[in-house]
Amino acid sequence: MSLSFYDTLAREKRAFVPADPDRVTLYVCGVTVYSYAHIGNARPAVVFDLAFRLLRHIFGEDHVLYARNITDVDDKINQAALDQGVDISAITTKFAEIYQADVAALGCLPPTFEPRATAHIPQMTAMISALIERGHAYQADGHVLFDTQSFPDYGKLSGRSLDDLLAGARVEVADYKRHPADFVLWKPAKPGEPSWQSPFGAGRPGWHIECSAMIETVLGLPIDIHGGGHDLIFPHHENEIAQGRCAHDGADYARVWMHNGFLTQSAEKMSKSIGNIRTIHDLLAEAPGEALRWALLSAHYRAPLEWNPELIAQSKRALDRLYGVLQRWPAAPEAWPAQVPEAVLDALEDDLATPRALAELFALARIAETAPTEAEKLAASASLLAAGRLMGFFNQTPLAWFSGGSDADFTAKVEALISERAQARQSKNWAEADRIRAELTALNVEVLDSATGVSWRLKG
RNA sequence: GGCCUGAUGGCGGAGUGGUGACGCAGCGGACUGCAAAUCCGUCCACCCCGGUUCGAUUCCGGGUCAGGCCUCCA
């Protein structure tokens, strides 16, 4: 199986061949840092982290460049700063750090680059100037607007025409626009707002221009893959293509467009404006990051995923099962690093078919438990470890997983009780053994007797 | 109104023109002092109506329902 991805623009799955296999480029729209990111924001972070890991596996760690931006210019940031009486940088610094820690806890590798909008204002104004020079942008009422009618391919990504947009317009259109779909590249600052000097007056950039400017600066055009949430297809990515191509006389912008589906709750999109969100931060207090990652990858990335407590519980149980295998059949040093099994790679290379990849993990677990020889069991366990690690799982020892953050005192207490119980069992004092087990159960500890010894785990 | 997705068993979620993935839960059994973990077995599905076909859950048409974008949005 060769690597293929579904391309939103082509509307089909296509073989993925990077422009330069020594320099594969991936850009993903990150978050606007004005408050805690919700678990829906984590889906693209995790999905494209998986893509990043897969590309590194295929093309080599040093041959993949991954940029995930941080938007730190925005109305909501301004509002938050105003509400709290602080500088916008206080807001953006705080929530950018929280976001980075949160997604790291979900097993996401640090991207190669995390460019910030405020660090690329000159590149944005240069791009806007290029658009004006080429007749693709115009100034009106203090704004600079992109002239959508100057770009014949406008609407191709989202499958709509300028006429459709006229017909479907639901909102008041600013009268200074030549066409309702024209979008802002630069807007004048209101009093008190952060602003930057530019050839078009003091102001700040529109939302779309930042990604185009940062892509060009950090990765160079065209990039191989541009990713983001499904809701960014229109207008954000449509506008990126328009400005990105027009600034360079129609040159290619991104070779593949990938979009992840939404998280839903009661079948409804999880969204801050609806208010039905769960923050990553809060969820991490309730469940291990790996379990949340498992949950996010349990459905195919383009499908909607219903988010609920049962999903998290099931994900944790799935990892319990696999960590149990790793604990019982610890991969021998000589068996590690093991090859990632073909079946797992096949699944991932087929447009990140994670449900199939996860099913293959269970198949490896079954082999590890049932193979006739210990060598085969250990080999299967090593493969499981390799496959899981490729996907960003098994970042801790089984012991650490099952004892889930227990402190030394607690562990010592549990070990002492288990030792007492072992003595009771040896003298066949079953009543005492069961009493001690009940005591452990009360501590939320589950005891697992086996031929080779006793282990324990915290119950979910 | 325009554009666009999707509807699979108790739950999550793949896939396929004909032997009904995988996981969780349930049930029966093995193992165990008893459990747990593990193993073996097992119950349960393809929204509705037409069409194509020897045969459709899978292809085509229509319908119903749900959801998304068109405004900030992962």
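Each chain gets a letter, A, B and so on, in the order the sequences are listed, and its residues count up from 1.
The side chain of A:F362 approaches B:C22 more closely than any other nucleotide in the set B:G13, B:C22, B:C69. The side chain of A:H230 sits closest to B:G68 out of B:A14, B:A74, B:G68. In this structure, of B:C70, B:C22, B:G68, it is B:C22 that holds the atom nearest to the side chain of A:A359. The nucleotide whose nearest atom lies closest to any side-chain atom of A:F262 is, among B:G68, B:G12, B:G23, B:G68. Among B:A35, B:G12, B:A14, the nucleotide with an atom closest to any side-chain atom of A:Q314 is B:G12. Taking the side chain of A:M270 as heavy atoms from C-beta on, and the options B:G13, B:A74, B:A14, the nearest nucleotide is B:A74. Of the candidate nucleotides B:G23, B:C39, B:A14, B:G23 has the atom nearest to the side chain of A:A318. Side chain of A:R328, nearest nucleotide from B:A35, B:C70, B:A37: B:A37. When distances run from any side-chain atom of A:H300 to the nucleotides B:C70, B:A74, B:A14, the shortest one goes to B:A14.
Residue A:R425 is classed as a base contact, given a heavy-atom separation below 4.0 Å to a base. Residue contacts shown for A:G30 are limited to sugar-phosphate atoms, with no base heavy atom under 4.0 Å away. A:L448 comes within 4.0 angstrom of a base, heavy atoms only. Within 4.0 Å of A:G324, counting heavy atoms only, lies no atom of the nucleic acid at all. Counting any heavy atom pair closer than 4.0 Å across all strands shown, A:L358 reaches no nucleic acid atom. Using a 4.0 Å heavy-atom distance criterion, A:R366 is classed as a sugar-phosphate-only contact. Residue A:R421 is classed as a base contact, given a heavy-atom separation below 4.0 Å to a base. Nucleic acid contact class of A:E369 (heavy atoms, under 4.0 Å, all strands): sugar-phosphate only. Here A:H38 lies in heavy-atom contact (under 4.0 Å) with a base. A:K428 comes within 4.0 angstrom of no nucleic acid atom, judged by non-hydrogen atoms across all strands. Across all strands shown, A:K269 has heavy atoms under 4.0 Å from base atoms, whether or not it also approaches the sugar-phosphate. Using a 4.0 Å heavy-atom criterion, one finds that A:N308 contacts no nucleic acid atom at all.
Considering only side-chain N and O atoms, A:R317 lies nowhere under 4.0 angstrom from the phosphate OP1 or OP2 of B:C22. Contact check, A:R321 against B:U38: a side-chain N or O comes under 4.0 Å of OP1 or OP2.
Look at B:G10: its Watson-Crick or wobble partner, with both distances under 3.5 angstrom, is B:C24. Pair check for B:C3 finds B:G68; Watson-Crick or G-U wobble, both atom distances under 3.5 Å. Nucleotide B:C54: paired with B:G18 (Watson-Crick or G-U wobble, both distances less than 3.5 Å). The nucleotide B:C34 finds no pairing partner, because no Watson-Crick or G-U wobble arrangement with both distances shorter than 3.5 Å includes it.
Map A:N260 and A:G159 each onto its nearest nucleotide of RNA chain B; the residue landing nearer the 5' end is A:G159. Annotation: of the two residues near RNA chain B, A:S158 and A:R43, the 5′-most nearest-nucleotide partner is A:S158.
If you take CZ of A:F402 and P of B:A36, they are 16 Å apart, rounded to a whole angstrom. The nearest whole Å value for the distance from the CD atom in A:E268 to the P atom in B:C69 is 10 Å. If you measure from atom CD of A:Q265 to atom P of B:G12, you get 14 Å, rounded to the nearest angstrom. In this structure, CG of A:L364 is placed 14 Å from P of B:C22, rounded to the nearest angstrom.
For B:A35, its base sits under 3.5 Å from the side chain of A:R437 at one donor and acceptor pair at least. For a distance-only test at 3.5 Å, the side chain of A:D163 fails to qualify as a donor-acceptor partner of the base of B:G2.
Taking the six-membered ring where the residue is Trp, the centroids of A:H237 and A:H259 are separated by under 6.0 Å. For A:F394 and A:Y323, the ring centers are positioned less than 6.0 Å apart.
Spacing of P atoms, B:U16 relative to B:A21, comes out at 14 Å, to the nearest Å. The same atom, P, is picked in B:C43 and in B:G6; the two are 32 Å apart, to the nearest Å. Going from the C1' atom of B:C47 to that of B:A56 covers 15 Å, rounded to whole Å. The same atom, C1', is picked in B:U42 and in B:G51; the two are 38 Å apart, to the nearest Å. Remark: the separation of the P atoms in B:G1 and B:U57 is 33 Å, to the nearest Å. Taking atom P in both B:A25 and B:C11, the straight-line distance is 16 Å, to the nearest Å. With both ends at atom C1', the span from B:C22 to B:A14 equals 8 Å, rounded to whole Å. The gap from the P atom of B:C44 to that of B:G9 amounts to 14 Å, rounded to the nearest Å.
Salt bridge A:R356/A:D346: absent, no basic N to carboxylate O contact under 4.0 Å. Taking the charged nitrogens against the carboxylate oxygens, A:E369 and A:K377 have no contact shorter than 4.0 Å, which rules out a salt bridge. Using a 4.0 Å cut-off between charged side-chain N and carboxylate O, A:D434 and A:R421 make no salt bridge.
Taking the ring axis of A:F151 as reference, the NZ or CZ atom of A:R245 does not stay both within 45° of it and closer than 6.0 Å to the ring centre.
Checking A:E210 against A:T71 by side-chain atom types alone, a donor-acceptor pair falls below 3.5 Å. A:E114 and A:N69 are not linked by any side-chain donor-acceptor pair at a separation below 3.5 angstrom, with hydrogens and angles left out of the test.
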* Which is it for A:E439 and A:R435 under the salt bridge (Lys or Arg N to Asp or Glu O under 4.0 Å) test, yes or no, and what are the steps along the way? -> CA-CA 6 Å; A:E439 204 175 319; A:R435 187 195 63 74; 3.0 Å; yes
